[in-house]
Amino acid sequence: MVVLGAGPAGLVLGNILVDRGIDCVVLERAERAHVETRARAGFLAPETVRILDRHGLSEGLHRRGRLHGTCEFRTEDGRFRLDYSGLGQREQHTVYPQQELVTDLLARFLSRGGRIRFGTEAVAVRGADGERPEVAVREADGRPGAWRARYVAGCDGRHGAARRSLPAGAVRHHRDHGVTWLGLLAEAPTSLDAVGYAVHERGFAGHMARTSEVTRYYLQCERGTEADAWSDERIWDELDLRMRARDYGPLRRGRVAERSVVGLESDVLEPLRHGALFLVGDAAALISPSAAKGANLAVLGAELLARALTDDLTTGNSEGLDAYSARCLTHVWRAQEFSHWMIGLLHGPSGTDGESLFLNSLRRSRLTSLRTSLSRQNWFAEHYVGV
Ligand code: RFL
């Protein structure tokens, strides 16, 4: 078995396979230090935690992660809080930075005897319609190489080799939401005990816990903005304004240690199986970070595929592999639908033409229903923590 990519998807898959005695190798383009420090997601759904529990992968997150169950909306109509852990399924997130999860998964994989090749970039997957597909690679020193296996799992993200190797006829559903965020990591403790979503005429601003010293912020910006175009001071002033710090209390400032430009885009590939090649995580579907689903879907898909592969390779039962694509896509589309709804909740067009006014009033009404309708709140809670 060859697994491409050592993100959450590839490492959960690798761990389960190795634990079941299935021979596999993970090929990772980056070096270990890079993989272990790449800051991205931080909100793990309860189902994700249960999956990690089932496979002995959750020790670190239970020790260092923090439970989280409230979000706060700040809008032109005031502020309201949703204690989502007391609504819907009465469940909460665990806040645990993705790079720490990846570090834990990697350590466990190696301690189980798993094999991983860092600095090895998959270039193409060939012969996926046959019995022994081949993964062509470029080694760290630039030399070409190749790996053969019964199956290949493409866990190498949206720009990986798995996606590039799909046959003609693979369908890509795609949506550009027309919204751009500056993703920021600030060396500052959280400023509120909730996820903060601020809807402002100047654009969206978000506040999300990470660790006691680091907080993630998002600021909607013009398309084409360069990641380092804004000074720290401008970022904090804009966050203060959009999060209405004057009314609701100051933000704790600190150095902005990392900035990236995140275009809100979603896509889903279909099917997720092409012969012996399977797509998992971001390689299967890219989801906008508006509802924090990407890493959770990656873990869920990895467990689904690991089970199906184990059945096939140990008992010859291939039903799970045949059903993998449809099963995984059911979860993916539910998450896409909710993320899309969240984008509409948090952003409106800035123009004053009739259509912009109409869409902004819809957004405002959507927020009012969320503030006032208990059934809406229960629906929100179920989808917000679920995958
Ligand atoms: P990853 O984590 O991108 O890992 C893919 C791995 O494959 C390697 N790779 C290759 N290796 C070999 N050959 C090649 N040709 C290769 N090409 C790539 C890469 O180096 C990498 O190690 O994919 P995976 O495992 O599918 O996991 C997906 C998640 O990382 C992603 O969905 C989330 O980070 C998305 N996301 C969030 N998800 C959440 O659930 N909650 C959040 O709060 C959240 N916040 C975020 C996010 C993503 C963000 N960015 C940067 C897009 C915040 C941000 C800013």
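For ligands, and for the atoms within them, numbers begin at 1 and follow the listed sequence.
Ranking protein heavy atoms by distance to atom 52 (C) of ligand 1, first place goes to V262 CG1, 4.7 Å. What sits closest to atom 32 (O) of ligand 1 on the protein, heavy atoms only, is D282 OD1, 2.7 Å. Looking only at protein heavy atoms, the nearest one to atom 16 (C) of ligand 1 is D156 CB, 3.7 Å. The nearest heavy-atom contact from the protein to atom 8 (C) of ligand 1 is E28 OE1, 3.3 Å. Among all protein heavy atoms, the one lying closest to atom 40 (O) of ligand 1 is A295 N, 2.8 Å. Distance from atom 36 (N) of ligand 1 to its nearest protein heavy atom, with residue and atom name: A41 CB, 3.9 Å.
The A161 neighbourhood of ligand 1 comprises atoms 15 (N), with distances under 4.0 Å to a heavy atom of that residue. Close contacts of ligand 1 with E121, meaning ligand atoms under 4.0 Å from a residue heavy atom, involve 13 (N), 15 (N). The distance from ligand 1 to the heavy atoms of A298 drops below 4.0 Å at these ligand atoms: 26 (O), 27 (O). With ligand atoms numbered from 1 in the order given, ligand 1 contributes 43 (O) to contacts under 4.0 Å with heavy atoms of R210. Near C155, with a cut-off below 4.0 Å to any heavy atom, the atoms of ligand 1 are 5 (C), 6 (C), 7 (O). With ligand atoms numbered from 1 in the order given, ligand 1 contributes 11 (N), 12 (C) to contacts under 4.0 Å with heavy atoms of L27. In summary, the atoms of ligand 1 found under 4.0 Å from a heavy atom of N296, numbered by their order in the structure, are 40 (O). Atoms of ligand 1 found under 4.0 Å from any heavy atom of G281, numbered from 1 in the order shown, are 26 (O).
Ring centroid separation for the pair H173 and W333 comes in under the 6.0 Å cut-off. Taking the six-membered ring for Trp and the full ring otherwise, the centers of Y217 and W236 sit less than 6.0 Å from each other. Separation of the Y96 and F43 ring centroids does not fall under the 6.0 Å cut-off. Ring centroids of H34 and F118 are separated by 6.0 Å or more, keeping the two rings apart. Taking the six-membered ring for Trp and the full ring otherwise, H340 and H177 have centroids separated by under 6.0 Å. Between Y84 and H93, a ring centre-to-centre spacing shorter than 6.0 Å is recorded.
In terms of polar-atom proximity, S260 is not counted as a contact of ligand 1, lacking any N or O under 3.5 Å from an N or O of the ligand. Not one N or O of H159 is nearer than 3.5 Å to an N or O of ligand 1, by distance alone. For ligand 1, the polar-atom distance check finds an N/O of A292 within less than 3.5 Å of one of the ligand's N/O atoms. On a distance-only criterion, G294 and ligand 1 share at least one N/O pair closer than 3.5 Å. At under 3.5 Å, not a single nitrogen or oxygen of G10, backbone or side chain, sits near a nitrogen or oxygen of ligand 1. Here's the thing with Q98: one of its N/O atoms is less than 3.5 angstrom from an N/O atom of ligand 1. Below 3.5 Å of separation, one finds an N or O of P8 facing an N or O of ligand 1. Between A9 and ligand 1, at least one pair of N/O atoms sits closer than 3.5 Å. Where the criterion is an N or O separation shorter than 3.5 Å, residue side chain and backbone included, R40 meets it with respect to ligand 1.
Of the candidates R29, R117, R164, R38, R38 brings a heavy atom nearest to atom 21 (C) of ligand 1. The option with the heavy atom closest to atom 13 (N) of ligand 1, from among A122, G160, A162, G263, is A122. Distances from atom 47 (C) of ligand 1 to the heavy atoms of Y218, F118, W181, F43 put Y218 nearest.
Of the residues listed (R253, R259, R255), the one engaging D232 in a side chain to side chain donor-acceptor pair (under 3.5 Å) is R259, and it is the only one. With R117 as the partner, the side-chain contact (heavy atoms from CB on, under 4.5 Å) test is satisfied by one option alone out of V26, V25, V137: V25. The salt bridge (charged side-chain N to carboxylate O under 4.0 Å, His left out) test with D77 is passed by exactly one of R366, R364, R363, R371: R364.
Proximity of L44 to ligand 1, defined as any heavy-atom pair under 4.0 Å, is not found for any part of the residue. When heavy-atom distances to ligand 1 are checked against a 4.0 Å cut-off, H34 has no atom that comes that close, whether in backbone or side chain.
Residue pairs meeting the salt bridge (Lys or Arg N to Asp or Glu O under 4.0 Å) criterion with at least one member in residues 161-182, sequence neighbours excluded: R163-D267, R172-D267, D176-R223. Applying the salt bridge (Lys or Arg N to Asp or Glu O under 4.0 Å) test to every pair with at least one member in residues 197-218, sequence neighbours left out, gives these pairs: R202-E238.
Interatomic distance, CD1 of I16 versus CG of L11, reported as 11.0 Å (0.5 Å rounding). Between K293 atom NZ and S288 atom OG the span is 11.0 Å, to the nearest 0.5 Å. Taking CZ of R376 as the start and OG of S369 as the end, the distance is 5.5 Å to the nearest 0.5 Å.
Between L27 and W147 the shortest side-chain heavy-atom distance falls below 4.5 Å.
With E28 contributing its side chain and A6 its backbone, the two residues share a donor-acceptor pair below 3.5 Å.
Distance remark: protein heavy atom present below 4.0 angstrom from atom 6 (C) of ligand 1.
For T120, the closest heavy-atom approach to ligand 1 falls below 4.0 Å. Under a 4.0 angstrom heavy-atom cut-off, R216 registers as being in contact with ligand 1.
Ring orientation note: the planes of F73 and F80 are close to parallel, at an angle under 30° on the 30°/60° scale.
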